[in-house]
Amino acid sequence: MNFLPQLLGILAAVLILAVVIEMLRRRRMRERHAFWWLGAGLIALIAGAFPSLLDGIAGALGIAVPLNLVFFASAAVLFLVCLQHSSELSEQEERLRTLTEEAALANERVRALTERVEALEGDSPRPGAAD
């Protein structure tokens, strides 16, 4: 195998790992989101460093072209990431709906109390007011 594609694969994997770790460090990504990207980066690093391992796994699975295994694994990881994000999005939408309802109820209580206070102030004379 030509060394240049292997080197580019290793460099790309290291770049992925470095970007994910830096995003974690700067708190731009949460650990549960980084899990899949770190896993994909490590697998890419191993496949880049040991291309014969990829050939062996592809052969064991009955896949004629090892690159097809890479595409399949990449699609599987992206599918799992999308599934995780969809699940979290659904949870956040439900939480937002609940918070919106609670805020509307609190606003209604404040409005009702304000009306009661204004009604009570209207019935009693103000201290220091001339009659």
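For reference, positions follow the sequence shown, starting with 1.
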Between Leu105 and Glu108, does a side-chain contact (heavy atoms from CB on, under 4.5 Å) hold up when you go through it step by step? CA-CA 5 Å; Leu105 290 172; Glu108 181 59 28; 5.6 Å; no
If I take atom CD1 from residue Ile46 and atom CG from residue Leu42, how far apart are they, to the nearest 0.5 angstrom? 6.0 Å
Roughly how far, to the nearest 0.5 Å, is CD1 of Ile16 from CG of Leu11? 11.5 Å
Between Arg97 and Glu101, does any NZ, NE, NH1 or NH2 come within less than 4.0 Å of an OD or OE carboxylate oxygen? yes
Side-chain contact test, heavy atoms from C-beta onward, threshold under 4.5 Å: evaluate it for Leu17 versus Trp37 and give yes or no. no
Following the transitive rule for hydrophobic clusters with a side-chain heavy-atom cut-off under 4.5 Å over Ile, Leu, Val, Met, Phe, Trp and Tyr, establish whether Leu15 and Met23 coincide in one cluster. yes
Quick one, Leu89 and His85 - any side-chain contact, counting heavy atoms below 4.5 Å? no
State, yes or no, whether a side-chain contact exists between Thr114 and Arg111 at a heavy-atom distance under 4.5 Å. no
Can you find a heavy atom in the side chain of His33 that is under 4.5 Å from one in the side chain of Glu88? yes
Shortest non-hydrogen separation from Gln6 to Ala49 and the atoms involved: NE2-O, 3.1 Å
Rounded distance (nearest 0.5 Å) linking atom CD of Glu93 with atom OG1 of Thr98: 12.0 Å
Grouping I, L, V, M, F, W and Y whenever their side-chain heavy atoms are under 4.5 Å apart, do Leu24 and Leu45 come out in a common cluster? yes
Joint cluster assignment, Leu38 & Val19, ILVMFWY side-chain distance < 4.5 Å: yes
Would you compute the distance between atom CD of Glu102 and atom CG of Asn107 and round it to the nearest 0.5 angstrom? 12.0 Å
Pairs under 3.5 angstrom only: tabulate donor-acceptor contacts from the side chains of residues 53-79 to other protein residues two or more places apart or in another chain.
from  : atom 1 : to    : atom 2 : distance (Å)
Ser74 : OG     : Val70 : O      : 2.8

With sequence neighbours excluded, give me every side-chain hydrogen bond (donor to acceptor under 3.5 Å, both in side chains) pair touching residues 18-29. Glu22-Arg25, Glu22-Arg26
Distance-minimising heavy-atom pair for Met29 and Val20: SD-CG1, 4.2 Å
Hydrophobic clusters here meaning ILVMFWY residues chained together by side-chain heavy-atom distances under 4.5 Å, can you tell me if Leu83 and Phe35 are in one? yes
Closest approach of Gly41 to Ala13 (non-hydrogen atoms, all atoms of both residues): O-CB, 3.7 Å
Rounded to the nearest 0.5 Å, how far apart are OG of Ser87 and CD of Gln92? 10.0 Å
